[in-house]
Amino acid sequence: MSKPVIGISAVNVFNELYYLQRVTYPQTVENCGGIPVLLPCLPGTENAAELISHLDGLMLPGGADVDPSLYGEERTPQCGQSLLADDRYDFALIGEAMRQKKPVLAICRGMQAVNISCGGTVYQDISAQYGSDIAHSDPNFKAEIFHAVNTEPNSRLAKIIGTALQVNSSHHQAVKAIAPGFRAVATAPDGITEAIENDDGSVICVQWHPERMQDTPEMVKLISDFVRRCGSGG
Ligand code: MN
């Protein structure tokens with residue numbers, strides 16, 4: 001049986017001269033049985049439907065904050081830099097993957113992008129707009145920090161990873177209004193939404209970084225289950 005081919009969105013960086021992505025995403029997909037391909041976020045989105053038709057699934061990695069204009073807000077001082085063209089490209093990929101019923105695994109910024117593209121919003125900065133008493137990122141984004149999450153027992157996510165576990169945390173934004181068709185399926189002790197999924201569980205979005213926790217069996221299961229579903233048509 002052929003292995004599923006999984007597209008991983010890349011970012012346009014260094015004066016828009018390079019399409020790049022961190023090695024952990026393709027490495028993890030390959031380790032869990034898939035064939036990863038990096039997707040350059042080209043300026044036009046007219047080929048998104050055909051591109052997605054060649055793929056078995058879509059992984060959306062972490063990255064920059066989504067441009068607040070895409071959820072109808074003014075940028076606050078705490079909002080990070082955005083790449084509007086990349087946001088639009090990711091939105092096109094998300095829309096097509098969902099329309100063509102290809103499984104999606106969205107990580108960190110990817111979760112925020114899915115939520116916004118489907119009509120939800122985010123806190124532009126957790127500290128400024130939510131005021132949590134637990135840390136969701138290292139101040140310098142260097143050390144890996146962890147916090148607990150509880151998952152919704154009747155979710156696809158809970159069936160894969162269980163109902164209570166520790167996850168890494170490297171984000172300063174978080175889902176605020178959850179997009180129609182999605183629900184919260186994991187929550188941090190402070191109430192921050194740490195995962196969402198759609199009604200049929202074909203789109204799973206996590207705020208943490210499972211690709212950086214591959215010595216944790218639950219996180220291997222999360223990626224492996226995604227790759228398996230990509231290979232079986234969802
Ligand atoms: Mn967190």
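For ligands, and for the atoms within them, numbers begin at 1 and follow the listed sequence. This structure is a prediction, so every number in the text was calculated from the model and none was measured. The figures that follow rest on heavy atoms only: side chains count, while hydrogens, waters and symmetry mates do not.
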For Glu218, enumerate each residue passing the salt bridge (Lys or Arg N to Asp or Glu O under 4.0 Å) test, keeping only those at least two apart in sequence or located in another chain.
-> none
Is there a side-chain contact between Asp56 and Val227 (heavy atoms, below 4.5 Å)?
-> no
Out of Asp87, Asp86, Asp67, which residue meets the salt bridge (charged side-chain N to carboxylate O under 4.0 Å, His left out) rule with Arg109?
->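 Answer after filtering Asp87, Asp86, Asp67: Asp87.
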Output every pair passing side chain to side chain donor-acceptor pair (under 3.5 Å) with a member in residues 110-121, not counting sequence neighbours, ordered by first then second residue.
->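 For residues 110-121, and leaving out neighbouring residues, the side chain to side chain donor-acceptor pair (under 3.5 Å) pairs sorted by first residue read Gln112-Gln207.
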Is a side-chain donor-acceptor pair under 3.5 Å present for His209 with Glu211?
->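 A donor-acceptor contact under 3.5 Å links the two side chains.
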Everything protein-side that's N, O or S and under 2.8 Å from the Mn ion (ligand 1): list it, residue and atom.
-> His136 ND1, His147 NE2, Ser169 OG, His171 NE2, Glu194 OE2
Nonpolar side-chain network containing Leu20, other nodes, edges under 4.5 Å =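 Leu20 clusters with Val11, Val13, Phe14, Leu17, Tyr18.
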